[in-house]
Amino acid sequence: MAAESPAGRVARLLAEGLELFGEGRVDQAVARWRVVLELDPAQQDALDYLESAGVPADAGDDGRARVREALAAADAGEAEQALALLSAATAQAPDDLDAQASFDLLRAQLYARYRARMGDGNARPRLSVEPDQLMRFDLPPEAGFLLSLLDGRTRVAELVTVSGLDPFAVLQLLARLEQDGIVELAA
Amino acid sequence: MGRVIGIDLGTTNSCVAVLENGQPSVIPNSGGYKTTPSMFAITQDGKRLVGHLAKRQAITNARNTVFAAKRLIGRRFDSDEVQRSSEMCAYEILRGPNDDARIQVGGKAFTCPEVSAFILREMRRVAEEYLGEPVTEAVITVPAYFNDAQRQGTKDAGKIAGLEVLRLVNEPTAAAMAYGMNRSGHEKLAVYDLGGGTFDISVLEMSEGVIEVLATAGNTFLGGEDFDRRIVEHLLEGFRRSEGIELAGDPMALQRLKDAAEKAKCDLSARERVEINLPFIATGANGPVHLSLELTREVLEGLVDDIVRGTLKIVEQCLQDASLPRTEIDQVILVGGQTRMPLVQQAVAEYFGKRPHKGVNPDEVVAVGAAIQGETLVSQDENLLLLDVTPLSLGIATFGGHFAKLIERNTTVPVCKSHIFTTTRDSQSAVKIRVLQGESDVAQENDLLGEFVLSGIRPARKGEPEIEVSFDIDANGIVSASARDQATGKEQSITVNATGTLSEEEIQKIIEEQELYEVQLKE
């Protein structure tokens, strides 16, 4: 998943959902489109696709549906999608302890995964594209800010400290930037 | 015997040097930088940061990042300078129990010497890492304009940092010492020191190894940071006009703007124009918005010309104090990173009618001079004798609210002077000696350094008793005062602990607290 702006993310999720739907993976397709509606409740394409799939646009009061979709996404290895769905589920039903527990567990798993990827905080990220090439990407201001702190000498743990951002958000952002080939990690 | 290090404790950046085999070495930190930002911060999760790491989050964590503590050290809370700082800083400045200024970050109130001690401790650590041995002695530099309370606060900071401060040296004086290492003959020098946060000008006389400071003046609220601020404002205005987006309230954007402004300023000392590119600085209606502006040297000079001209007015005052026309200055030394700017060099050259000497690195020269002074003290080298001056007049409050000067400003130190005073009432049995520092004829407009009472005066008509009041200023600029009744021989004296400075007990408590914190860190 790319580190991208909301508009870019919507477009990608819609396209992925269509592909999954075409492969018969309906739950996962629905999960994508539901995430789109979390970002933009009036997004017409997502509403149309869900209607075509015979699924209500809103999981309604049934937070269980969201949780099921999240678990389906997690089973398919779509951990980040699952986290987004669980985040929506817990926001909608703050008293749902199962959803909260699933969210916490998944977040912890993802955090451990990112951290291992970052050498337990010791990796030293640096830009792997020319600075004037950055603008062809579609990134949020937080990514721009984080990129401005990279110098190939500052460790990930220090970046977390000086950025003032949530540590999970920093690691997640760096993982996405690396995945997109914008950043490389030196030991 | 351990090595003596020289520390330039700057408002914005600090530097440490040592003499090795008679030659000065400026010590780089672990990142390879020869200067370290004079910043201290506490993060949201309680981590303490010093130096480069603190600087990198200075705006995003502004409320808990301390910079320019040097502007506050030794000052009373209700002084104009502290109040002005309070308006400019995001961190909170509080009134301390001694009416001093205290800094609140991370939920804790720190004294100014404590904050400066964090920086000094970092410089000490850098030196110890480089030298591979413990360091316990240092010479630390201070602005020539520092008064007694500010100097005492700096000494206290050294003590808290585990350093015995062998000497406090005025920064321009230290620069002259570095410059004078291999020089001979007789010269009059002007040392123009424009650093990150303060400006000092000193006129010195060097003669066969003897340096005498003739006069000094400055502004503790003028430096390179002001230049950066003008650039940031220019960028904000440009972006506002071109994109209709206000970045002034966005801490992440401001951090990037500040860093970019400083870099552009430095780059424009070597180039005529630079591109400032800050991608993804904001989000607009159509997605990411980037800042991309060209800044030319000409525009930059237009933005800051008044600041540079302002420094020359202070130079004029200093020359008047030294009773010296500018034409009699033989050499001009530039100190401080901001003097790398072509506009500054050109303005100084035009003013003095000669090109400034650029043979010394302006970022490092003060620390080098401090290291030389340290070696001089340890080896008791008589070949390079340093004479310095007190920057402010010293005296006492007298009847009617007047200020009687005993020692005029720019008097060479160390110095001891006395004057006879008398009583103002019949049968007056005691006199209160209020020690003041400043230039106003009105006592209350000057800084109160301390006060004491001499009692037991034999009853007499007013005007008859003879009270000899003596002042002693040592080589560090620290003041001692005494009063003696000539008739009875009774005497009272104090080493002036300026109002607002720390007591020995307070210093010891701070040292213990910081050692405890260090132990916790190791765990």
Side-chain angles (χ1 to χ4, degrees), chain A residues 2-12 39-40 121-122 124-171 173-174 176-177 180 182-183, chain B residues 29-33 37 39 41-65 90 243 245 247 249-263 274-292:
Chain A
E4 60 200 339
S5 67
R9 193 168 176 215
V10 162
R12 180 179 52 78
L39 295 171
D40 180 2
N122 290 318
R124 297 170 197 268
R126 57 175 174 235
L127 213 54
S128 57
V129 301
E130 291 298 319
D132 57 0
Q133 296 296 306
L134 271 178
M135 289 179 221
R136 64 187 169 90
F137 295 94
D138 192 5
L139 302 175
E142 290 78 10
F145 176 64
L146 200 59
L147 287 170
S148 74
L149 298 175
L150 304 190
D151 57 9
R153 284 188 285 195
T154 307
R155 297 180 302 118
V156 170
E158 290 165 335
L159 285 174
V160 170
T161 298
V162 302
S163 70
L165 298 171
D166 170 55
F168 179 84
V170 172
L171 296 189
L173 202 45
L174 283 172
R176 289 173 177 175
L177 289 169
D180 276 355
I182 299 172
V183 158
Chain B
N29 58 30
S30 56
Y33 300 101
M39 285 189 170
I42 298 182
T43 65
Q44 298 298 324
D45 55 358
K47 285 198 187 74
R48 293 184 174 190
L49 306 178
V50 180
H52 289 281
L53 283 180
K55 183 178 180 181
R56 297 182 80 184
Q57 49 89 80
I59 295 180
T60 55
N61 186 28
R63 280 192 65 82
N64 293 296
T65 301
E243 304 293 338
I245 295 176
L247 295 175
D250 181 345
M252 283 196 303
L254 282 177
Q255 180 75 64
R256 295 176 70 186
L257 283 165
K258 168 74 170 67
D259 292 343
E262 187 179 348
K263 183 172 185 309
V274 295
E275 287 285 334
I276 300 175
N277 288 311
L278 299 177
F280 316 104
I281 194 80
T283 302
N286 300 320
V289 183
H290 315 296
L291 184 148
S292 183

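Computed over heavy atoms, backbone and side chain alike; hydrogens, waters and symmetry mates excluded. Note on naming: letters A, B, ... go to the chains in the order of the sequence lines (proteins, then strands), and numbering restarts at 1 for each one.
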Self-check item: B/N286 CG: over 12 foreign heavy atoms closer than 6.0 Å
Solution: no
Practice problem: Please step through side-chain contact (heavy atoms from CB on, under 4.5 Å) for the pair B/L49 and A/T161, ending with a clear verdict. | Solution: CA-CA 9 Å; B/L49 306 178; A/T161 298; 3.7 Å; yes
Quiz item: Of the listed residues (A/M135, A/E142, A/E158), which shares the most heavy-atom pairs with chain B below a 4.5 Å separation?
Solution: A/M135
Quiz prompt | Of A/L134, A/L139, A/D138, the residue whose pairing with B/P288 passes side-chain contact (heavy atoms from CB on, under 4.5 Å) | solution = A/D138
Exercise. Would you mind telling me which of B/Q57, B/R56, B/Q255 has the largest number of heavy-atom pairs within less than 4.5 Å of chain A?
Key: B/R56
Quiz item: Roughly how far apart are B/M252 CE and A/L165 CG, rounded to 0.5 Å?
Solution: 6.0 Å
Practice problem: Name the region of B/T43, side chain, backbone, both or neither, that has any atom closer than 4.5 Å to a heavy atom of chain A. | Solution: side chain
Exercise. Can you tell which part of B/L53 gets under 4.5 Å to a heavy atom of chain A, answering side chain, backbone, both or neither?
Key: both
Practice problem: Taking all non-hydrogen atoms of both residues into account, name the closest pair between A/F137 and B/F280 and its distance. | Solution: O-CE2, 3.5 Å
